[in-house]
Amino acid sequence: DVPMEDIFDENRAPAAVATWVEQLKEVLGLLRSWREEGAVVNVNCQMGKNRSGCSALVWLCAECGWQVEPAVEHLRRITALGLANPHLVRAAILALEVEADVPLNPAGDG
């Protein structure tokens, strides 16, 4: 269990990015350890779109070889409001230590 806040507020979210980066790295570590144990894992959050979406994004990129932009497009096709928090998406990109240009979700949220 990695508790994460989903903050959209332009004044508060930038300060949360560093925390999210560490939390997403923790999520990745947990997922890796559970994979080694042979576990089946369900990733979820309260709304099932931003925090869980970013966790899935980090997994797809770090463990499955996806590039960030196609992975974001894929996840947004699964749920239209997915990955709508630009600050949290930025944290995922920083956690992956890659460069990526992810457009805002046209479905909007927040």
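In this chain, numbering begins with 1 at the start of the sequence shown.
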[X] side chain to [Y] main-chain N or O, any donor-acceptor pair under 3.5 Å?
X    : Y   : result
T79  : R76 : no
N105 : A80 : yes
Q23  : V2  : no

How long is the straight-line distance from [atom2] of [Y] back to [atom1] of [X], given to the nearest 0.5 Å?
X   : Y   : atom1 : atom2 : value
D6  : N50 : CG    : CG    : 4.0 Å
L60 : Q67 : CG    : CD    : 12.0 Å
L28 : S55 : CG    : OG    : 9.5 Å
L57 : H74 : CG    : NE2   : 11.0 Å
L88 : I7  : CG    : CD1   : 9.5 Å

Can you give me the closest heavy-atom contact between [X] and [Y], atom names plus distance?
X    : Y   : value
V17  : H87 : CG2-O, 3.8 Å
P86  : A84 : CD-O, 3.0 Å
A100 : E69 : CA-OE2, 3.4 Å

Are the side chains of [X] and [Y] in touch, meaning some heavy atoms are under 4.5 Å apart?
X    : Y   : result
V89  : C54 : yes
L75  : I78 : yes
V43  : V41 : yes
R90  : W20 : no
L24  : M4  : yes
V102 : L83 : no

task: Using a strict cut-off of less than 4.0 Å between a Lys/Arg side-chain nitrogen and an Asp/Glu carboxylate oxygen, indicate whether E97 and K25 qualify as a salt bridge.
output: yes
message: Does this structure show an ion pair linking E5 with R51, if we count only N-O contacts that are shorter than 4.0 Å?
response: no
field: Residue R35 excluded, over 12 heavy atoms near CZ under 6.0 Å
entry: yes
- prompt: Does CD in E37 sit with more than 12 non-hydrogen atoms of other residues, nucleotides or ligands closer than 6.0 Å?
  reply: yes
Common cluster, V98/V27, ILVMFWY with side-chain heavy-atom separation under 4.5 Å: yes
